Amino acid sequence: MESFNGIVIEDDQTVEQRIDVRNLQVYGRGVFREDVDADEIEVFGSARFRSFVSCDQLSVPGETVMLDSLLAESVRVDGVLNVSGKFRTEVAVVEGMMNTQGRLHATRLVVRSRGRLEAAGNIKAERIIIDGVAFSGATFRGDNIEITSCEQSEIARVVASDIKVTYKPRGDVPGIKAGEYLLSAYSIETQTAEIEYVAADSLDCDSAVIGPGCRIGELTYRDGLEIDPGAVVERLNKI
């Protein structure tokens with residue numbers, strides 16, 4: 001039988017030395033002062049990592065603070081995760097609250113319908129799916145960005161090959177009102193756009209379908225364009 005290779009923290013504990021284990025589980029309160037390397041990290045209570053963390057899987061039903069960088073194959077956040085340094089992962093799924101201060105690089109980033117993402121640094125992912133809420137004063141860059149929500153996100157700059165923004169009602173959230181937007185952005189740069197209830201100072205694209213509830217300051221396009229009668233485009237440029 002394979003022996004157990006892990007650490008379980010059930011009370012308050014500060015770990016001073018570097019950790020290299022198969023499993024790390026925190027049910028109480030753990031503080032880790034040196035690097036942590038684990039196959040799987042689960043935080044049901046609260047954990048504070050002061051140095052670099054590397055793992056295959058990170059699960060946060062509780063609360064976790066990363067004061068340095070995080071490298072993980074997959075991350076699931078049902079509670080609260082704060083990452084101060086660089087953050088790299090294959091897949092991140094946010095059902096709770098995730099706050100990133102440094103750059104985040106992912107293959108796929110998903111913010112579920114009751115999830116919330118706050119990003120101070122740039123985010124780059126092949127696919128970004130937002131069913132909940134995202135706030136960022138930086139840039140979201142992705143091959144495919146899809147926002148299907150009933151709540152309002154604010155992202156300073158969006159760069160994508162394809163962006164789609166669609167209103168999806170939810171029973172516990174009031175319906176969207178005039179002057180409210182699923183996405184507010186300073187700049188959107190994309191090849192193709194299919195959007196509704198989006199406010200942007202500028203939209204630069206090859207082709208676009210501008211749906212109801214949109215307000216675009218300046219729209220620059222190269223190929224096809226459709227504008228819903230319920231949308232407002234202040235300046236239109238074809239190049």
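Model, not experiment: these values are computed from the prediction.
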Exercise. So Y197 and V165, side chain to side chain contact (heavy atoms under 4.5 Å, CB included) or not? Walk me through it.
Worked result: CA-CA 8 Å; Y197 301 102; V165 182; 6.0 Å; no
Out of curiosity, [X] [atom1] to [Y] [atom2], how far, rounded to the nearest 0.5 Å?
X: I128; Y: I155; atom1: CD1; atom2: CD1; value: 7.5 Å
X: R141; Y: I123; atom1: CZ; atom2: CD1; value: 12.5 Å
X: S54; Y: D35; atom1: OG; atom2: CG; value: 9.0 Å
X: K86; Y: D68; atom1: NZ; atom2: CG; value: 10.5 Å
X: E63; Y: L81; atom1: CD; atom2: CG; value: 10.0 Å
X: E126; Y: N144; atom1: CD; atom2: CG; value: 10.5 Å

If hydrophobic clusters are built by linking Ile, Leu, Val, Met, Phe, Trp and Tyr wherever their side-chain heavy atoms come under 4.5 Å apart, do [X] and [Y] end up in the same one?
X: I19; Y: V60; value: yes
X: V198; Y: I227; value: yes
X: V75; Y: I129; value: no
X: L58; Y: V15; value: yes
X: V110; Y: V77; value: no

With side chains defined as the heavy atoms from C-beta onward, is the minimum distance between [X] and [Y] less than 4.5 Å?
X: L109; Y: L117; value: yes
X: L183; Y: F140; value: no
X: C214; Y: D228; value: no
X: E196; Y: I176; value: no
X: R114; Y: R112; value: no
X: M97; Y: E118; value: yes
X: T190; Y: I145; value: no
X: T192; Y: E194; value: no

Locate the shortest heavy-atom distance separating [X] from [Y]; write the atom from each residue and the value.
X: G211; Y: A231; answer: O-CB, 3.3 Å
X: F135; Y: Q152; answer: CZ-O, 3.6 Å
X: G213; Y: Y181; answer: O-CE2, 3.2 Å
X: C150; Y: P169; answer: CB-CA, 4.1 Å
X: L236; Y: Y221; answer: CD1-CE2, 3.8 Å
X: Y167; Y: G175; answer: OH-CA, 3.4 Å

Check: [X] side chain, [Y] main-chain N or O, donor-acceptor pair, under 3.5 Å:
X: S153; Y: A134; result: yes
X: N82; Y: V65; result: no
X: S207; Y: D223; result: no
X: R222; Y: C205; result: yes
X: S149; Y: G132; result: yes
X: T89; Y: A72; result: yes

Exercise. So which of T14, L24, V53 actually passes side-chain contact (heavy atoms from CB on, under 4.5 Å) with F32?
Worked result: L24
Exercise. When E151 is tested against each of V133, I130, L182, D131 for side-chain contact (heavy atoms from CB on, under 4.5 Å), which residue passes?
Worked result: V133
If you draw a 6.0 Å radius around [atom1] in [X], do more than 12 non-hydrogen atoms from other residues or ligands fall strictly inside?
X: Y186; atom1: OH; result: no
X: Q13; atom1: CD; result: yes
X: K238; atom1: NZ; result: yes

Exercise. So, T220 versus D204: side-chain donor-acceptor pair below 3.5 Å or not?
Worked result: no
For this session: For E218 and S202, test the side chains for any donor-to-acceptor distance below 3.5 angstrom and give the result as yes or no.
Result: no
Problem set entry | Presence of salt bridge, D78 and R76, under 4.0 angstrom | yes
Problem set entry | salt_bridge(R33, E16) N-O dist < 4.0 Å | yes
Problem set entry | S84/Q101 under side-chain hydrogen bond (donor to acceptor under 3.5 Å, both in side chains): CA gap, chis, key distance, verdict | CA-CA 5 Å; S84 296; Q101 297 295 317; over 6 Å; no
Problem set entry | R215 vs E234, side chain to side chain contact (heavy atoms under 4.5 Å, CB included): CA-CA, chis, key distance, verdict | CA-CA 8 Å; R215 178 174 289 274; E234 296 174 2; 3.6 Å; yes
